[in-house]
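Each chain gets a letter, A, B and so on, in the order the sequences are listed, and its residues count up from 1.
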Amino acid sequence: MLQVNYIRDNREQVLDRLAVKNFKQPLLVDEIIQLDDKRRQTQTNLDNSSAEANAAAKQVGELMRAGNKAEAEVLKSKTGTWKEDIKRIGEQLAAIEDELYQKLVLLPNLPHSSVPKGTTPEENEVVLENGAKPELPQNALPHWELAAKYNLIDFELGVKITGAGFPVYKNKGAKLQRALISFFLDEAEKAGYSEVMLPLMVNEASAFGTGQLPDKEGQMYFVGNDNLYLIPTAEVPITNMYRDVILKADELPVKNCGYTPCFRREAGSYGAHVRGLNRLHQFDKVEIVQVTHPDQSYQVHEQMCLHVQGLLEKLGLPYRVLRLCGGDMSFASALTHDMETWSAAQQRWLEVSSVSNFETFQSNRLKLRFRNAEGKTQLAHTLNGSALALPRIVATLLENNQTETGIKIPEVLVPYTKFEWIT
RNA sequence: GGAGAGGUGUCUGAGUGGUCGAAAGAGCACGCCUGGAAAGUGUGUAUACUUCAAAAGGGUAUCGAGGGUUCGAAUCCCUCCCUCUCCGCCA
(Lines give C-alpha, C1' and ligand atoms only; values in the text may rest on other atoms or scores of the structure.)
Protein backbone atom coordinates (compact mmCIF):
# COMPACT_ATOMS: atom_id res chain seq x y z
CA MET A 1 0.00 0.00 0.00
CA LEU A 2 1.38 3.41 -0.96
CA GLN A 3 1.60 6.16 1.62
CA VAL A 4 -0.92 8.94 1.19
CA ASN A 5 1.60 11.60 2.10
CA TYR A 6 3.94 10.36 -0.59
CA ILE A 7 1.15 10.51 -3.14
CA ARG A 8 0.30 14.07 -2.07
CA ASP A 9 3.88 15.27 -2.29
CA ASN A 10 4.78 13.48 -5.53
CA ARG A 11 1.57 13.49 -7.56
CA GLU A 12 3.25 13.89 -10.97
CA GLN A 13 5.83 11.23 -10.33
CA VAL A 14 3.21 8.81 -9.03
CA LEU A 15 1.15 9.21 -12.18
CA ASP A 16 4.23 8.80 -14.31
CA ARG A 17 5.30 5.60 -12.53
CA LEU A 18 1.82 4.11 -12.54
CA ALA A 19 1.80 4.50 -16.31
CA VAL A 20 4.81 2.18 -16.51
CA LYS A 21 2.72 -0.44 -14.76
CA ASN A 22 -0.07 0.20 -17.25
CA PHE A 23 -2.32 1.29 -14.45
CA LYS A 24 -5.73 1.94 -15.90
CA GLN A 25 -7.29 4.33 -13.40
CA PRO A 26 -5.04 7.40 -13.03
CA LEU A 27 -8.01 9.46 -11.83
CA LEU A 28 -7.85 7.49 -8.62
CA VAL A 29 -4.77 9.43 -7.59
CA ASP A 30 -6.59 12.75 -7.45
CA GLU A 31 -9.60 11.13 -5.84
CA ILE A 32 -7.32 9.88 -3.12
CA ILE A 33 -5.77 13.27 -2.56
CA GLN A 34 -9.19 14.91 -2.35
CA LEU A 35 -10.47 12.25 -0.04
CA ASP A 36 -7.46 12.73 2.19
CA ASP A 37 -8.17 16.46 2.34
CA LYS A 38 -11.66 15.61 3.46
CA ARG A 39 -10.29 13.16 5.96
CA ARG A 40 -8.02 15.78 7.51
CA GLN A 41 -10.82 18.30 7.69
CA THR A 42 -13.10 15.80 9.37
CA GLN A 43 -10.39 14.64 11.73
CA THR A 44 -9.83 18.22 12.85
CA ASN A 45 -13.55 18.72 13.42
CA LEU A 46 -13.73 15.58 15.48
CA ASP A 47 -10.68 16.52 17.51
CA ASN A 48 -12.15 19.93 18.26
CA SER A 49 -15.44 18.49 19.42
CA SER A 50 -13.66 15.93 21.56
CA ALA A 51 -11.49 18.63 23.08
CA GLU A 52 -14.58 20.64 24.07
CA ALA A 53 -16.31 17.61 25.50
CA ASN A 54 -13.21 16.61 27.43
CA ALA A 55 -12.85 20.09 28.87
CA ALA A 56 -16.49 20.07 29.96
CA ALA A 57 -16.20 16.65 31.56
CA LYS A 58 -13.19 17.83 33.49
CA GLN A 59 -15.09 20.87 34.66
CA VAL A 60 -17.97 18.73 35.87
CA GLY A 61 -15.52 16.78 37.94
CA GLU A 62 -14.12 19.94 39.48
CA LEU A 63 -17.58 21.31 40.27
CA MET A 64 -18.60 18.03 41.89
CA ARG A 65 -15.53 18.02 44.05
CA ALA A 66 -16.21 21.61 45.07
CA GLY A 67 -19.71 20.54 46.06
CA ASN A 68 -21.29 22.71 43.42
CA LYS A 69 -23.86 20.15 42.36
CA ALA A 70 -26.33 22.48 40.75
CA GLU A 71 -23.82 23.95 38.33
CA ALA A 72 -22.48 20.53 37.54
CA GLU A 73 -25.96 19.39 36.58
CA VAL A 74 -26.39 22.38 34.30
CA LEU A 75 -23.16 21.61 32.52
CA LYS A 76 -24.05 17.93 32.26
CA SER A 77 -27.25 18.74 30.47
CA LYS A 78 -25.30 20.71 27.87
CA THR A 79 -23.05 17.86 26.86
CA GLY A 80 -25.66 16.13 24.77
CA THR A 81 -24.91 18.05 21.58
CA TRP A 82 -21.17 17.38 21.80
CA LYS A 83 -21.81 13.72 22.23
CA GLU A 84 -24.02 13.70 19.19
CA ASP A 85 -21.43 15.66 17.22
CA ILE A 86 -18.68 13.31 18.21
CA LYS A 87 -20.72 10.30 17.24
CA ARG A 88 -21.86 11.78 13.95
CA ILE A 89 -18.43 13.13 12.91
CA GLY A 90 -16.79 9.94 14.09
CA GLU A 91 -19.02 7.93 11.80
CA GLN A 92 -18.30 10.33 8.95
CA LEU A 93 -14.59 9.96 9.54
CA ALA A 94 -14.79 6.19 9.64
CA ALA A 95 -16.69 6.20 6.34
CA ILE A 96 -14.14 8.50 4.72
CA GLU A 97 -11.23 6.47 6.01
CA ASP A 98 -12.83 3.34 4.70
CA GLU A 99 -13.41 4.84 1.29
CA LEU A 100 -9.88 6.20 1.20
CA TYR A 101 -8.53 2.81 2.12
CA GLN A 102 -10.63 1.06 -0.51
CA LYS A 103 -9.14 3.33 -3.14
CA LEU A 104 -5.63 3.18 -1.76
CA VAL A 105 -5.42 -0.60 -1.96
CA LEU A 106 -6.23 -0.39 -5.66
CA LEU A 107 -2.95 1.38 -6.37
CA PRO A 108 -0.09 -0.98 -7.19
CA ASN A 109 3.43 -0.29 -6.07
CA LEU A 110 5.42 2.17 -8.16
CA PRO A 111 8.00 0.50 -10.36
CA HIS A 112 11.64 1.42 -10.00
CA SER A 113 13.15 3.64 -12.70
CA SER A 114 14.99 0.66 -14.21
CA VAL A 115 11.75 -1.21 -14.91
CA PRO A 116 11.03 -1.42 -18.64
CA LYS A 117 7.64 -0.39 -19.95
CA GLY A 118 5.62 -3.23 -21.37
CA THR A 119 2.51 -5.30 -20.97
CA THR A 120 3.39 -8.90 -21.78
CA PRO A 121 6.04 -11.40 -20.66
CA GLU A 122 7.67 -10.99 -24.10
CA GLU A 123 8.60 -7.45 -23.13
CA ASN A 124 10.61 -8.53 -20.11
CA GLU A 125 14.24 -7.60 -20.42
CA VAL A 126 16.80 -10.40 -20.51
CA VAL A 127 19.51 -9.16 -18.16
CA LEU A 128 21.85 -12.07 -18.67
CA GLU A 129 22.01 -15.63 -19.85
CA ASN A 130 24.46 -18.07 -18.37
CA GLY A 131 25.50 -21.68 -18.93
CA ALA A 132 25.31 -23.77 -22.06
CA LYS A 133 22.06 -25.46 -22.99
CA PRO A 134 22.74 -29.17 -23.05
CA GLU A 135 22.31 -31.14 -26.26
CA LEU A 136 20.11 -34.09 -25.44
CA PRO A 137 19.89 -37.31 -27.44
CA GLN A 138 16.91 -37.80 -29.76
CA ASN A 139 15.11 -40.10 -27.39
CA ALA A 140 15.40 -37.69 -24.41
CA LEU A 141 12.42 -37.77 -22.07
CA PRO A 142 10.53 -34.98 -20.30
CA HIS A 143 10.82 -35.10 -16.53
CA TRP A 144 7.41 -36.66 -15.94
CA GLU A 145 8.42 -39.65 -18.00
CA LEU A 146 11.82 -39.83 -16.31
CA ALA A 147 10.06 -39.66 -12.95
CA ALA A 148 7.96 -42.67 -13.92
CA LYS A 149 10.84 -44.58 -15.53
CA TYR A 150 13.04 -44.32 -12.44
CA ASN A 151 10.16 -44.50 -9.96
CA LEU A 152 10.88 -41.09 -8.45
CA ILE A 153 7.53 -39.35 -8.45
CA ASP A 154 4.04 -40.84 -8.54
CA PHE A 155 1.53 -38.30 -9.76
CA GLU A 156 -1.40 -40.74 -9.92
CA LEU A 157 -0.87 -41.79 -6.34
CA GLY A 158 -1.07 -38.15 -5.32
CA VAL A 159 -4.35 -37.86 -7.19
CA LYS A 160 -5.69 -40.82 -5.26
CA ILE A 161 -4.65 -39.47 -1.90
CA THR A 162 -5.49 -35.82 -2.47
CA GLY A 163 -5.98 -34.68 -6.04
CA ALA A 164 -4.12 -33.34 -9.05
CA GLY A 165 -1.10 -31.25 -8.25
CA PHE A 166 -0.10 -33.13 -5.10
CA PRO A 167 2.67 -35.48 -6.20
CA VAL A 168 4.12 -38.31 -4.14
CA TYR A 169 7.92 -38.38 -4.17
CA LYS A 170 9.40 -41.84 -3.76
CA ASN A 171 12.76 -43.45 -3.24
CA LYS A 172 15.57 -41.37 -4.71
CA GLY A 173 12.96 -38.83 -5.75
CA ALA A 174 12.13 -38.23 -2.10
CA LYS A 175 15.79 -38.14 -1.10
CA LEU A 176 16.52 -35.63 -3.84
CA GLN A 177 13.87 -33.33 -2.39
CA ARG A 178 15.41 -33.55 1.05
CA ALA A 179 18.90 -33.02 -0.36
CA LEU A 180 17.90 -29.89 -2.26
CA ILE A 181 16.17 -28.40 0.78
CA SER A 182 19.24 -28.97 2.95
CA PHE A 183 21.58 -27.67 0.28
CA PHE A 184 19.57 -24.49 -0.23
CA LEU A 185 19.28 -23.84 3.50
CA ASP A 186 22.99 -24.39 4.05
CA GLU A 187 23.85 -22.02 1.23
CA ALA A 188 21.49 -19.39 2.63
CA GLU A 189 23.02 -19.73 6.05
CA LYS A 190 26.50 -19.29 4.55
CA ALA A 191 25.22 -16.07 3.02
CA GLY A 192 24.21 -14.80 6.43
CA TYR A 193 20.53 -15.68 6.56
CA SER A 194 19.31 -17.12 9.83
CA GLU A 195 17.00 -20.04 9.48
CA VAL A 196 13.45 -20.10 10.75
CA MET A 197 10.85 -22.82 10.73
CA LEU A 198 7.38 -21.49 10.46
CA PRO A 199 3.68 -22.09 10.81
CA LEU A 200 2.18 -23.30 7.54
CA MET A 201 -1.11 -21.62 8.29
CA VAL A 202 -1.54 -17.94 8.92
CA ASN A 203 -4.33 -15.77 10.23
CA GLU A 204 -6.12 -13.04 8.38
CA ALA A 205 -3.90 -10.26 9.70
CA SER A 206 -0.80 -11.95 8.34
CA ALA A 207 -2.32 -12.71 4.95
CA PHE A 208 -3.27 -9.10 4.85
CA GLY A 209 0.12 -7.81 5.95
CA THR A 210 1.98 -9.20 2.96
CA GLY A 211 -0.82 -8.36 0.55
CA GLN A 212 -2.35 -11.78 -0.17
CA LEU A 213 -5.56 -10.31 1.17
CA PRO A 214 -7.75 -8.79 0.04
CA ASP A 215 -6.84 -9.06 -3.66
CA LYS A 216 -5.47 -12.62 -3.97
CA GLU A 217 -7.85 -14.44 -1.69
CA GLY A 218 -8.77 -17.04 -4.29
CA GLN A 219 -5.19 -18.25 -4.61
CA MET A 220 -4.96 -19.49 -1.04
CA TYR A 221 -6.44 -22.55 0.57
CA PHE A 222 -8.69 -21.47 3.39
CA VAL A 223 -9.36 -23.47 6.54
CA GLY A 224 -12.80 -22.16 7.33
CA ASN A 225 -13.33 -23.77 10.71
CA ASP A 226 -10.49 -21.81 12.19
CA ASN A 227 -10.25 -18.90 9.80
CA LEU A 228 -6.73 -19.72 8.70
CA TYR A 229 -5.01 -19.71 5.33
CA LEU A 230 -2.46 -22.24 4.11
CA ILE A 231 0.63 -20.28 3.16
CA PRO A 232 1.26 -19.78 -0.58
CA THR A 233 4.91 -18.98 0.23
CA ALA A 234 7.16 -18.68 3.29
CA GLU A 235 7.31 -14.98 2.54
CA VAL A 236 4.01 -14.60 4.40
CA PRO A 237 4.99 -15.99 7.81
CA ILE A 238 8.60 -14.74 7.61
CA THR A 239 7.73 -11.17 6.75
CA ASN A 240 4.93 -11.14 9.30
CA MET A 241 7.42 -11.90 12.04
CA TYR A 242 8.18 -8.20 11.75
CA ARG A 243 4.62 -6.91 11.67
CA ASP A 244 4.16 -3.98 14.10
CA VAL A 245 7.84 -3.98 14.91
CA ILE A 246 10.14 -0.99 15.28
CA LEU A 247 13.70 -2.11 14.67
CA LYS A 248 16.84 -0.33 15.79
CA ALA A 249 18.88 1.04 12.90
CA ASP A 250 21.80 -1.24 13.76
CA GLU A 251 19.56 -4.31 13.53
CA LEU A 252 19.26 -3.75 9.78
CA PRO A 253 19.50 -5.58 7.53
CA VAL A 254 17.44 -8.43 8.94
CA LYS A 255 18.11 -11.63 6.99
CA ASN A 256 16.00 -14.76 7.32
CA CYS A 257 15.63 -17.93 5.35
CA GLY A 258 13.15 -20.70 5.74
CA TYR A 259 11.98 -23.87 4.12
CA THR A 260 8.25 -24.51 3.84
CA PRO A 261 5.85 -26.37 1.67
CA CYS A 262 3.75 -23.88 -0.30
CA PHE A 263 0.10 -24.28 -1.14
CA ARG A 264 -1.54 -22.67 -4.13
CA ARG A 265 -4.97 -23.27 -5.52
CA GLU A 266 -3.99 -22.24 -9.07
CA ALA A 267 -7.63 -22.44 -10.00
CA GLY A 268 -8.31 -22.99 -13.64
CA SER A 269 -4.80 -23.77 -14.83
CA TYR A 270 -4.64 -27.09 -16.62
CA GLY A 271 -3.02 -28.39 -19.77
CA ALA A 272 0.34 -29.19 -21.27
CA HIS A 273 2.17 -26.28 -19.68
CA VAL A 274 1.31 -27.43 -16.20
CA ARG A 275 2.21 -31.04 -16.76
CA GLY A 276 4.38 -32.92 -14.32
CA LEU A 277 6.18 -30.64 -11.93
CA ASN A 278 5.60 -27.49 -13.92
CA ARG A 279 2.77 -26.27 -11.72
CA LEU A 280 1.59 -27.84 -8.48
CA HIS A 281 -0.84 -27.17 -5.67
CA GLN A 282 1.75 -28.15 -3.11
CA PHE A 283 5.45 -27.68 -3.57
CA ASP A 284 8.59 -27.10 -1.52
CA LYS A 285 10.58 -23.91 -1.46
CA VAL A 286 13.36 -22.23 0.45
CA GLU A 287 12.75 -18.52 0.73
CA ILE A 288 15.14 -15.70 1.59
CA VAL A 289 13.83 -12.45 3.07
CA GLN A 290 15.54 -9.22 4.01
CA VAL A 291 14.38 -6.12 5.84
CA THR A 292 16.67 -3.24 4.96
CA HIS A 293 17.32 0.45 5.32
CA PRO A 294 15.71 2.24 2.36
CA ASP A 295 19.13 3.38 1.13
CA GLN A 296 20.35 -0.20 0.90
CA SER A 297 17.48 -2.09 -0.66
CA TYR A 298 18.59 -2.02 -4.30
CA GLN A 299 22.10 -3.11 -3.44
CA VAL A 300 20.55 -5.89 -1.41
CA HIS A 301 18.29 -6.83 -4.31
CA GLU A 302 21.36 -7.27 -6.48
CA GLN A 303 23.05 -9.30 -3.78
CA MET A 304 20.01 -11.57 -3.43
CA CYS A 305 19.87 -12.13 -7.19
CA LEU A 306 23.55 -13.08 -7.17
CA HIS A 307 22.87 -15.55 -4.39
CA VAL A 308 20.17 -17.26 -6.44
CA GLN A 309 22.34 -17.23 -9.56
CA GLY A 310 25.14 -18.80 -7.54
CA LEU A 311 22.83 -21.67 -6.59
CA LEU A 312 21.94 -22.33 -10.20
CA GLU A 313 25.59 -22.24 -11.20
CA LYS A 314 26.55 -24.68 -8.46
CA LEU A 315 23.83 -27.01 -9.68
CA GLY A 316 25.17 -26.61 -13.20
CA LEU A 317 21.87 -25.44 -14.64
CA PRO A 318 21.74 -23.04 -17.56
CA TYR A 319 19.71 -20.01 -16.60
CA ARG A 320 18.74 -16.53 -17.58
CA VAL A 321 17.74 -13.50 -15.56
CA LEU A 322 14.79 -11.37 -16.56
CA ARG A 323 13.93 -7.92 -15.41
CA LEU A 324 10.16 -7.96 -15.48
CA CYS A 325 8.42 -5.21 -17.37
CA GLY A 326 5.81 -3.01 -15.72
CA GLY A 327 2.92 -5.08 -16.98
CA ASP A 328 4.29 -8.44 -15.89
CA MET A 329 5.38 -7.43 -12.41
CA SER A 330 3.35 -8.27 -9.38
CA PHE A 331 1.08 -5.70 -7.82
CA ALA A 332 3.25 -5.16 -4.75
CA SER A 333 6.69 -5.13 -6.33
CA ALA A 334 8.89 -2.18 -7.28
CA LEU A 335 11.49 -4.32 -9.01
CA THR A 336 11.42 -8.01 -9.83
CA HIS A 337 14.06 -10.21 -11.38
CA ASP A 338 12.96 -13.68 -12.43
CA MET A 339 15.43 -16.51 -12.77
CA GLU A 340 14.57 -19.19 -15.29
CA THR A 341 16.30 -22.47 -15.99
CA TRP A 342 16.41 -24.09 -19.37
CA SER A 343 14.39 -27.25 -19.43
CA ALA A 344 16.15 -29.15 -22.20
CA ALA A 345 13.56 -31.82 -22.86
CA GLN A 346 10.63 -29.43 -22.84
CA GLN A 347 12.67 -26.87 -24.76
CA ARG A 348 11.43 -23.99 -22.63
CA TRP A 349 12.49 -21.70 -19.82
CA LEU A 350 11.01 -22.44 -16.40
CA GLU A 351 10.75 -19.81 -13.70
CA VAL A 352 12.48 -21.06 -10.57
CA SER A 353 12.94 -17.85 -8.62
CA SER A 354 11.57 -14.38 -8.36
CA VAL A 355 13.49 -11.78 -6.39
CA SER A 356 11.56 -8.63 -5.56
CA ASN A 357 12.06 -5.35 -3.79
CA PHE A 358 8.80 -4.12 -2.30
CA GLU A 359 10.29 -0.92 -0.91
CA THR A 360 7.73 0.30 1.63
CA PHE A 361 4.69 -1.25 -0.03
CA GLN A 362 4.55 -4.15 2.41
CA SER A 363 6.09 -2.41 5.40
CA ASN A 364 3.43 0.29 5.23
CA ARG A 365 0.74 -2.29 5.78
CA LEU A 366 2.84 -4.28 8.21
CA LYS A 367 3.84 -1.18 10.17
CA LEU A 368 7.39 -2.44 9.95
CA ARG A 369 9.62 0.46 10.88
CA PHE A 370 13.05 1.33 12.15
CA ARG A 371 14.39 4.27 14.08
CA ASN A 372 16.44 6.45 11.75
CA ALA A 373 19.43 8.68 12.48
CA GLU A 374 17.14 11.48 13.66
CA GLY A 375 15.49 9.09 16.10
CA LYS A 376 12.25 9.09 14.15
CA THR A 377 10.40 6.03 12.99
CA GLN A 378 10.60 5.31 9.29
CA LEU A 379 9.25 2.48 7.15
CA ALA A 380 11.85 -0.14 6.29
CA HIS A 381 12.16 -1.84 2.90
CA THR A 382 11.29 -5.51 2.46
CA LEU A 383 12.67 -7.91 -0.13
CA ASN A 384 12.25 -11.55 -0.79
CA GLY A 385 13.24 -14.22 -3.22
CA SER A 386 12.96 -17.93 -3.81
CA ALA A 387 16.24 -19.67 -3.19
CA LEU A 388 14.92 -21.88 -4.61
CA ALA A 389 11.59 -23.44 -5.54
CA LEU A 390 12.11 -27.18 -5.86
CA PRO A 391 9.80 -28.70 -8.48
CA ARG A 392 11.11 -26.98 -11.57
CA ILE A 393 14.67 -27.37 -10.37
CA VAL A 394 13.99 -31.09 -10.08
CA ALA A 395 12.39 -31.05 -13.52
CA THR A 396 15.41 -29.45 -15.17
CA LEU A 397 17.89 -31.52 -13.19
CA LEU A 398 16.24 -34.71 -14.33
CA GLU A 399 15.89 -33.63 -17.93
CA ASN A 400 19.24 -31.93 -18.43
CA ASN A 401 21.30 -34.57 -16.68
CA GLN A 402 19.74 -37.62 -18.27
CA THR A 403 21.99 -40.09 -20.04
CA GLU A 404 21.54 -43.49 -21.59
CA THR A 405 22.40 -45.15 -18.32
CA GLY A 406 20.80 -42.89 -15.75
CA ILE A 407 20.55 -39.41 -14.30
CA LYS A 408 23.69 -37.77 -12.97
CA ILE A 409 23.38 -35.91 -9.66
CA PRO A 410 25.29 -32.59 -9.55
CA GLU A 411 28.44 -32.84 -7.46
CA VAL A 412 27.38 -30.28 -4.88
CA LEU A 413 24.34 -32.40 -4.06
CA VAL A 414 26.09 -35.72 -3.64
CA PRO A 415 27.09 -35.06 0.00
CA TYR A 416 23.36 -34.57 0.62
CA THR A 417 21.88 -37.33 -1.53
CA LYS A 418 24.68 -39.80 -0.74
CA PHE A 419 24.26 -41.19 -4.27
CA GLU A 420 25.71 -40.00 -7.58
CA TRP A 421 23.35 -41.56 -10.03
CA ILE A 422 19.70 -42.30 -10.38
CA THR A 423 19.46 -45.56 -12.25
C1' G B 1 -13.50 -29.56 25.12
C1' G B 2 -14.85 -28.38 30.87
C1' A B 3 -13.64 -25.20 35.42
C1' G B 4 -10.95 -21.03 37.22
C1' A B 5 -7.38 -16.76 36.92
C1' G B 6 -5.48 -13.02 34.01
C1' G B 7 -3.99 -9.58 29.67
C1' U B 8 -1.22 -2.09 31.61
C1' G B 9 4.65 1.31 28.21
C1' U B 10 11.25 -2.19 26.24
C1' C B 11 10.59 -5.36 30.86
C1' U B 12 8.79 -6.10 36.09
C1' G B 13 4.68 -4.03 38.18
C1' A B 14 1.00 -0.26 40.78
C1' G B 15 -3.51 1.57 39.59
C1' U B 16 -11.44 -0.51 40.71
C1' G B 17 -14.92 5.90 37.90
C1' G B 18 -12.39 12.34 37.42
C1' U B 19 -6.37 15.60 38.78
C1' C B 20 -4.03 8.67 34.48
C1' G B 21 -0.30 8.55 28.62
C1' A B 22 -0.61 6.20 33.14
C1' A B 23 3.13 5.44 40.08
C1' A B 24 7.60 2.86 41.24
C1' G B 25 11.72 0.02 39.81
C1' A B 26 14.73 -2.12 35.98
C1' G B 27 16.63 -1.35 31.19
C1' C B 28 18.18 2.13 27.51
C1' A B 29 20.22 7.22 25.92
C1' C B 30 22.80 11.59 27.23
C1' G B 31 25.41 14.43 31.12
C1' C B 32 28.08 14.78 35.93
C1' C B 33 31.50 12.06 38.90
C1' U B 34 36.31 8.75 37.62
C1' G B 35 43.04 8.10 35.27
C1' G B 36 39.40 4.51 33.02
C1' A B 37 35.33 1.57 34.47
C1' A B 38 31.76 -0.03 38.15
C1' A B 39 28.95 2.23 41.85
C1' G B 40 26.64 6.85 42.66
C1' U B 41 24.01 10.98 40.65
C1' G B 42 20.99 14.31 37.21
C1' U B 43 17.97 14.52 32.89
C1' G B 44 15.39 12.15 29.20
C1' U B 45 12.92 7.72 27.41
C1' A B 46 5.53 5.11 23.44
C1' U B 47 2.92 5.26 18.79
C1' A B 48 -0.31 7.37 15.30
C1' C B 49 -3.30 11.29 13.35
C1' U B 50 -3.72 16.49 13.33
C1' U B 51 -2.71 22.07 14.02
C1' C B 52 1.57 25.45 12.60
C1' A B 53 5.61 27.90 6.79
C1' A B 54 8.86 25.34 10.25
C1' A B 55 10.67 24.63 15.22
C1' A B 56 8.74 25.19 19.99
C1' G B 57 4.16 24.31 21.69
C1' G B 58 -0.96 22.60 21.28
C1' G B 59 -5.25 19.14 20.16
C1' U B 60 -7.10 14.00 19.49
C1' A B 61 -6.76 8.71 19.91
C1' U B 62 -4.48 4.36 22.00
C1' C B 63 -3.76 0.39 29.06
C1' G B 64 -5.31 -7.35 24.19
C1' A B 65 -9.47 -6.09 20.00
C1' G B 66 -14.36 -4.32 19.16
C1' G B 67 -18.93 -2.48 21.15
C1' G B 68 -21.84 -0.40 25.41
C1' U B 69 -23.00 2.39 30.21
C1' U B 70 -21.50 7.46 32.03
C1' C B 71 -20.85 14.50 31.90
C1' G B 72 -16.22 11.48 32.49
C1' A B 73 -13.60 4.49 31.66
C1' A B 74 -7.08 1.35 32.25
C1' U B 75 -11.00 0.93 36.09
C1' C B 76 -18.15 -1.02 35.26
C1' C B 77 -21.07 -4.26 31.40
C1' C B 78 -21.21 -7.35 26.67
C1' U B 79 -18.71 -10.01 22.55
C1' C B 80 -14.27 -11.85 20.56
C1' C B 81 -8.90 -13.02 20.75
C1' C B 82 -4.80 -14.55 23.59
C1' U B 83 -1.95 -16.35 28.06
C1' C B 84 -1.63 -19.17 32.62
C1' U B 85 -3.46 -23.17 36.29
C1' C B 86 -6.36 -27.71 37.05
C1' C B 87 -9.22 -31.66 34.56
C1' G B 88 -10.14 -34.33 29.90
C1' C B 89 -7.95 -35.77 25.16
C1' C B 90 -3.38 -36.54 22.59
C1' A B 91 1.68 -36.87 18.61
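Judged as a ring pair (Phe, Tyr, Trp, His ring centres under 6.0 Å), and not counting sequence neighbours, A:Tyr319 has no contacts. A search for side chain to side chain donor-acceptor pair (under 3.5 Å) contacts involving A:Arg243 returns A:Ser206, A:Asn240, not counting sequence neighbours. Residues forming a side chain to side chain donor-acceptor pair (under 3.5 Å) with A:Asn109 (at least two apart in sequence, or on another chain): none. Applying the side-chain contact (heavy atoms from CB on, under 4.5 Å) criterion to A:Asp36, with sequence neighbours excluded, gives A:Val4, A:Arg8, A:Arg39, A:Arg40, A:Leu100.
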TODO: Could you run through nucleotides 47-62 of chain B and give me one letter per nucleotide, 5' to 3': B if any protein heavy atom sits under 4.0 Å from the base, S if only the sugar-phosphate is that close, - if neither?
DONE: SSSS--------BSS-
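Look at the C1' atom in both B:G67 and B:A73: the space between them is 14 Å, to the nearest Å. Rounded to whole Å, the P atom of B:G4 lies 34 Å from the corresponding atom of B:U19. As rounded to the nearest Å, B:U34 and B:U41 have C1' atoms that lie 13 Å from one another. Rounded to whole Å, the C1' atom of B:G42 lies 27 Å from the corresponding atom of B:U47. When the P atom is used for both B:C63 and B:A55, the distance is 28 Å, rounded to whole Å. The same atom, C1', is picked in B:C76 and in B:U69; the two are 8 Å apart, to the nearest Å. Rounded to whole Å, the P atom of B:A74 lies 10 Å from the corresponding atom of B:A61. Separation of the P atoms belonging to B:U10 and B:A46 is 9 Å when rounded to the nearest angstrom.
Annotation: side chain to side chain donor-acceptor pair (under 3.5 Å) contacts involving residues 97-108 of chain A, sequence neighbours excluded, comprise A:Glu31-A:Lys103. For residues 321-335 of chain A, the set of pairs meeting the salt bridge (Lys or Arg N to Asp or Glu O under 4.0 Å) definition, not counting sequence neighbours, comprises A:Glu125-A:Arg323. Sorted by first then second residue, the ring pair (Phe, Tyr, Trp, His ring centres under 6.0 Å) pairs that include residues 235-267 of chain A, not counting sequence neighbours, number zero.
Note: A:Tyr298 and A:His112 meet the aromatic proximity criterion, with ring centroids under 6.0 Å apart.
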Dump every N/O contact between nucleotides 16-23 of chain B and the protein below 3.5 Å, one line per pair.
residue	atom	partner	partner atom	Å
B:G18	N2	A:Ala57	O	2.7

